[in-house]
Peer 1: 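First the structure, which I've put down as structure tokens, then a few questions once you've had a look.
Keep in mind that the numbers below use all heavy atoms, side chains included, and drop hydrogens, waters and symmetry copies. Chain A is the first sequence line, chain B the second, and so forth, proteins listed ahead of strands; every chain is numbered from 1. Worth saying up front: this structure is predicted, and the values here are computed from it rather than measured.
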Amino acid sequence: MSDLNLQPNIPGADDFYASLLAAHEGLTKAESDALNARLVLVLANHVGDRAILDDAIAVAKTAG
Amino acid sequence: MNKIFEVPMYAYTRSKDQDSEMPVRRPVVIIGAGPIGLGAAIDLAQQDVPVVVLDDNDKVSFGSRAVCYAKRPLEILDRLGCGQPMVDKGVEWNVGKVFFDERKIYEFDLLPEDGHERPAFINLQQYYFEEYLVNRVHELQAEGKQIEIRGKNKVSAVGAHDDHATIEIDTPEGPYNLEADWLIACDGAGSPTRQMMGLDFVGRVFEDNFLIADVIMEADFPTERWFWFDPPFNKGQSALLHKQPDNVWRIDLQLGWDIDKEEEKKPENVIPRLKAMLGEDVDFELEWVSIYTFQCRRMEKFRHGRVVFAGDSAHQVSPFGARGANSGLQDTDNLGWKLKLVMDGKAPEALLDSYDYERVHGADENIMNSSRSTDFITPKSDMSRILRDAVLDLAETHDFARPLVNAGRLSVPCTYDGSPLNTADALNGPERTRPGSPCPDVKLGDDYLLRKLGDQFTLLTIDADAPDMIEEDGIKVTRLALSAKDDTSGALKARYLGDEPSAVYLIRPDQHVAARRASFDENLFRAAIRRATGKE
């Protein structure tokens, strides 16, 4: 496993979650899907580490 | 006026082989006088191998077809004696523009690396390319080389045997048979040879159609590559505009899967599409229209005993990234010197298995890259379209997303990592010249490194001692002695030394690195020569 952090790491978790919901407020399903896609890409670029990204994809795939 | 592709370039003439009672045995027969067949023929003829090329047609390619030629194939063509007319006639371009819907989202400049004789890419109609190859064949004939193209010679049957192949041929004057020590099948994606031998060709079909049009117009579009995702004139699809010589513009329009091909090809349906793209008031003339679908697939093995497959007959890719003709020339470049050594008894037949290993590796790389481009250009699911559009939306304002935009990754030669011909890397040198790599060019005064390397085994020494020539079991290796001081730009050092003070490279006839270390060691380099010729 890479250094993918799966421990709590977001200060003010409730505030973050509220921001995420607020960003989607009033959007159609298509607009929300597009927003999520852009957000994933922005965050993935920030991480920039292929091993971490691969592990993140694997974690996301198994959690559903 | 007749277009070049309407005039017979190698009209049928009777060969005395047709009058022989017994089938005449030829050292090498090549099926197909397209770019790959002719490239293979020229390569072998230059090495004094007699070669006969059979083609069911007698003209060069109809329409522009393969229009982008990358640096490595141009370097190969330099050694085949026809790189210069390609570059003289071809259109060079560096700037690409990417459009999404109605917006230009960004543009890029290829910014070619300095110190290379040949540009990163040129655009040129395939019929010109074939014309230059045919001209080169005539030049070689004038020099007394045994090379001939037999037009209207359609192969109707192929038989594979342990030490030869048999070929049945139909001509306007009736059938005749030939035998060949070696048969090279360069008869395209639909390869009749492959089908006659009952060989597999598996892969992935892309359910899509593309309309290609060659348009002649006096337009002031700049010499750039323009690519549209989801443009207003072709909603939900893609489009490409590329400049070729003679004011011919190449336009590719994605049409989707469920279309009537014959209807779409009619000028009354094509012209309104083009007017919507180019503008109502632009005057143009249609030179050629075609519709194509494509697949990404390859044969399991490219060599079947004495029958060897090269180019599209062995592997087929989507057109994005120009990897068809470009990779086919790398096939013949890989095959020519090996076949010559085997025919001369200087290397075991097993050397040809490395053709299979190395070019299958190259085909897999090309198939992977062109499949990825296709998946980006024509998303196959709702989510892949959502992600694709997200990349394009972000790319308009953010640099980070631009490397994710994939409108075709430009063809670069493959490094033969893991090839049985490589000797383990013994130099702490640059990654790009590790064993298996194609040699990058370097400007050396008025000359270029690749010209100096030529098409024989070379021992390249940079600030290192070595004998001027070594011969190992019939393989002659000539030294090319250079110093990092020969090149004030620093490119020789950057590309071949890195942080090392000296280096010795064993370079194959196809200009791929076989072995390298910091200094010459006779035993080690003799072993490397044996390994590079299939003897270890």
Side-chain angles (χ1 to χ4, degrees), chain A, chain B residues 98-108 227-232 235-238 256 364-365 368-369 371-409 412 415 417 431-432:
Chain A
M1 209 62 179
S2 60
D3 295 330
L4 176 65
N5 188 353
L6 294 172
Q7 297 305 310
N9 192 38
I10 305 175
D14 289 349
D15 290 341
F16 158 72
Y17 197 75
S19 303
L20 189 56
L21 289 187
H24 283 278
E25 214 156 280
L27 300 188
T28 63
K29 174 74 166 68
E31 288 165 342
S32 266
D33 284 346
L35 171 61
N36 275 343
R38 291 195 296 270
L39 186 58
V40 166
L41 292 166
V42 168
L43 294 174
N45 182 69
H46 182 81
V47 172
D49 181 319
R50 284 274 313 285
I52 291 184
L53 292 171
D54 286 347
D55 287 341
I57 290 170
V59 166
K61 268 191 92 98
T62 51
Chain B
V98 178
F99 300 84
F100 181 34
D101 199 351
E102 294 186 356
R103 301 120 58 199
K104 182 182 91 176
I105 54 171
Y106 73 99
E107 62 179 77
F108 60 87
F227 197 98
W228 286 264
F229 293 97
D230 198 7
K235 277 314 277 180
Q237 311 285 0
S238 65
D364 284 345
E365 196 171 287
M368 180 188 76
N369 277 302
S371 298
R372 286 175 172 179
S373 300
T374 310
D375 287 337
F376 192 87
I377 292 165
T378 65
K380 299 299 180 295
S381 68
D382 286 345
M383 189 45 71
S384 65
R385 181 174 291 273
I386 289 165
L387 285 165
R388 198 279 306 269
D389 290 353
V391 167
L392 293 172
D393 280 329
L394 287 164
E396 186 173 8
T397 36
H398 301 291
D399 287 345
F400 90 81
R402 293 179 186 172
L404 296 172
V405 176
N406 190 344
R409 297 285 179 232
V412 290
T415 294
D417 283 319
E431 182 78 0
R432 67 190 287 183

Peer 1: What distance do B:Met383 atom CE and A:Asp33 atom CG have between them, rounded to the nearest 0.5 Å?
Peer 2: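 These two atoms lie 5.0 Å from each other.
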Peer 1: With a 4.5 angstrom heavy-atom cut-off, which part of B:Asp389 approaches chain A: side chain, backbone, both or neither?
Peer 2: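 Neither part; nothing is under 4.5 Å.
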Peer 1: Count the heavy atoms of every other residue, nucleotide or ligand shown that sit under 6.0 Å from NZ of B:Lys235, and state whether that count exceeds 12.
Peer 2: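 More than 12 heavy atoms, drawn from other residues, nucleotides or ligands, come within 6.0 Å of this atom.
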Peer 1: Roughly how far, to the nearest 0.5 Å, is the CG atom of B:Leu394 from the CG atom of A:Asn45?
Peer 2: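 If we round to the nearest 0.5 Å, A:Asn45:CG and B:Leu394:CG are 9.5 Å apart.
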Peer 1: How far apart are the closest heavy atoms of A:Ala34 and B:Ala390, and which atoms are they?
Peer 2: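 Looking at all heavy atoms of both residues, the closest pair is O-CB, 4.4 Å.
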Peer 1: So which heavy atom on B:Asp393 is nearest to which on A:Arg38, and how close?
Peer 2: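 In terms of heavy atoms, the two residues are closest at OD2-NH1, 4.1 Å.
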Peer 1: Taking CZ in B:Arg432 as the centre, count heavy atoms belonging to other residues, nucleotides or ligands within less than 6.0 Å. Is the count above 12?
Peer 2: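 It does: B:Arg432 CZ has more than 12 such atoms within range.
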Peer 1: So what's closer than 4.5 Å to chain B heavy atoms on A:Val42: side chain, backbone, both or neither?
Peer 2: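 Contact with chain B involves both backbone and side-chain atoms of A:Val42.
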Peer 1: Got a sec: does the CG of A:Asn5 have more than 12 other heavy atoms crowding it under 6.0 Å?
Peer 2: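 Yes, enclosed.
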Peer 1: Closest heavy-atom contact between B:Phe400 and A:Leu41?
Peer 2: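 Scanning both residues completely, I find the closest heavy atoms to be CE1-O, 3.5 Å.
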